[in-house]
Amino acid sequence: MPMGHTATAEAGSGGLTATEHRLANGLRVVLSEDHLTPVAAVCLWYDVGSRHEVKGRTGLAHLFEHLMFQGSAQVKGNGHFELVQGAGGSLNGTTSFERTNYFETMPTHQLELALWLEADRMGSLLAALDDESMENQRDVVKNERRQRYDNVPYGTAFEKMTALAYPQGHPYHHTPIGSMADLDAATLEDARAFFRTYYAPNNAVLSVVGDIDPKQTLAWIEKYFGSIPSHDGKPEPRDGSLPDIIGEQLREVVEEEVPARALMAAYRLPHDGTRACDAADLALTILGGGESSRFYNRLVRRDRTAVAAGFGLLRLAGAPSLGWLDVKTSGDVEVPVIESAIDEELARFAEEGPTVEEMERAQAQLEREWLDRLGTVSGRADELCRYAVLFGDPQLALTAVKRVLEVTAEEVQEIAKARLRPDNRAVLVYEPVSAEAETPEAETTAAEGTSNDEESAK
């Protein structure tokens, strides 16, 4: 069936361009030529993440990401890795609240191989998905959870914070890693149904960026992806909208074996893709983005009450974004001392707004970060997919820098005054305990607490 060409647009970021196309089965394709180096990046975003999961089956999106590397009809076992790396390429996949992506960066002459591999597993993964691969990857994901969440200092923070910041039943209440109980409960049929529902061409965006011949690339994409059938049974994700302000300060004290006290807080901020979100990004950059920021200068340099202080933005499209504050205390400094200084700085910023120099520095910092992403073939491929999946228009990726530079100091001050308030944050306080000091009863309580946290994160 013929491929429909839907758009060709030259965008306003360093002369970068992208063209858009759509296959008859619904697969959206975005191409961006860049002949600077003889490499090409392939990026495939599926519109499925942990927000699409249901209670009792958390972690399934991430588990399935691992299963996609366990073979397909024509590629057995670990063959996907072996073929890409044997051809001089690199690859991986990741899962978030809002999407699952797969990507390869290849020498130009090996581009066809990457496209064939992605098409083979999109079209035929079920032919290779069996109990053995399911059990193998279930164990891998459970071990990943132990290594990244359960058995590292502050590893529980992300999971606890999302459970605190988003109410019970909200689609972002649990993290993509899922709970141990739900990982154990997932069945082979769960995985097969998940694939049939979400891993269809009309639920995906494919971007190819780099030293490519667009005509030949489109011909390969049509050849390998064009015969894969679409699927129309995907349910809409649950509504993730919430009021602008939490309305109270949510708080949890965590006693764990950590090297220092820590204050972490998540502020409810505007959805990604909005001008207000860009203003919030600038505010957080001025307050906590690096060693020139207000928090770092106040807490680390001047007061010497902290050894690290950062404030960053977790951009989310389907729910309010989170402004993530992370401060590690110095010596025996108590958390209330840190919290008081933070609130003083936030109140001063809301009252006075940013200086001209702070705005210029923050905009330059975000501009550099954006251009760094767009300047690599893999980074640009990922951003083109992101804007296509989450906002319907990949061209927005190429004008993101312009939008950041258009935000005014008044808008930055306004969003800080409206949102960076004590009644609009979830707070985690980490208090160190020593393993030697714990009694058997205390260890039992800690284990039970972990179990309850996993239950609440479903």
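Computed over heavy atoms, backbone and side chain alike; hydrogens, waters and symmetry mates excluded.
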To the nearest 0.5 Å, what is the distance between [atom1] ([X]) and [atom2] ([Y])?
X    : Y    : atom1 : atom2 : answer
L250 : D423 : CG    : CG    : 10.0 Å
I415 : L269 : CD1   : CG    : 6.5 Å
E357 : T355 : CD    : OG1   : 4.5 Å
R361 : L282 : CZ    : CG    : 12.5 Å

Go through the structure and list residues passing side-chain hydrogen bond (donor to acceptor under 3.5 Å, both in side chains) with [X], not counting sequence neighbours.
X    : value
S293 : none
E344 : R298
Q365 : none
S230 : none

Using a 4.5 Å cut-off on heavy atoms from C-beta on, say whether the side chain of [Y] contacts that of [X].
X    : Y    : value
E383 : R386 : yes
V412 : M359 : yes
N101 : V389 : no
R145 : D150 : yes
I286 : R294 : yes
Y102 : M122 : no

Exercise for the section: Could you please spell out the steps behind the side chain to side chain contact (heavy atoms under 4.5 Å, CB included) verdict for K55 and H174? Expected result: CA-CA 10 Å; K55 185 176 181 179; H174 70 277; over 6 Å; no

Verify the distance criterion only: is there a donor paired with an acceptor across the side chains of [X] and [Y] at less than 3.5 Å?
X    : Y    : answer
H62  : E53  : no
R28  : S207 : no
S133 : N136 : no
Y172 : E98  : yes
Y430 : T156 : yes

Problem - Quiz item: cation-pi between R121 and F69, 6.0 Å / 45° - result: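 Flagged: R121 positioned over aromatic ring of F69.
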
Practice task
Tell me, please, which residues at least two apart from F194 pass ring-ring contact (aromatic ring centres under 6.0 Å, His included).
Solution key: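 Counting only residues at least two positions away or on another chain, F194 forms a ring-ring contact (aromatic ring centres under 6.0 Å, His included) with F64, Y198.
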
Test: [X] and [Y] ion pair at under 4.0 Å:
X    : Y    : answer
R138 : E135 : yes
R315 : D281 : yes
R425 : D343 : yes
R348 : E345 : yes

Practice task
Tell me, please, which residues at least two apart from V152 pass side chain to side chain contact (heavy atoms under 4.5 Å, CB included).
Solution key: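 None.
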
Practice task
Could you check M134 against Q70 for side chain to side chain contact (heavy atoms under 4.5 Å, CB included), going step by step and ending with a plain yes or no?
Solution key: CA-CA 9 Å; M134 183 78 175; Q70 281 292 287; over 6 Å; no

Exercise for the section: Determine, step by step, whether Y154 and E256 satisfy the side chain to side chain contact (heavy atoms under 4.5 Å, CB included) criterion, reporting the C-alpha distance in whole Å, the side-chain angles of both residues, the deciding distance to 0.1 Å, and the verdict. Expected result: CA-CA 8 Å; Y154 314 108; E256 287 188 1; over 6 Å; no

Problem - Stepwise side chain to side chain contact (heavy atoms under 4.5 Å, CB included) check, E189 with R192 - result: CA-CA 5 Å; E189 187 48 45; R192 286 173 172 163; 3.9 Å; yes

Of the non-hydrogen atoms in [X] and [Y], which two are nearest, and what is the gap between them?
X    : Y    : answer
P167 : H173 : O-ND1, 3.4 Å
R261 : P432 : CG-CD, 3.6 Å
S321 : C277 : OG-SG, 3.9 Å
G290 : Y296 : O-CB, 3.5 Å

Exercise for the section: Assess whether atom CG of D184 is packed by more than 12 heavy atoms of other residues, nucleotides or ligands within 6.0 Å. Expected result: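 Correct, the count exceeds 12.
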
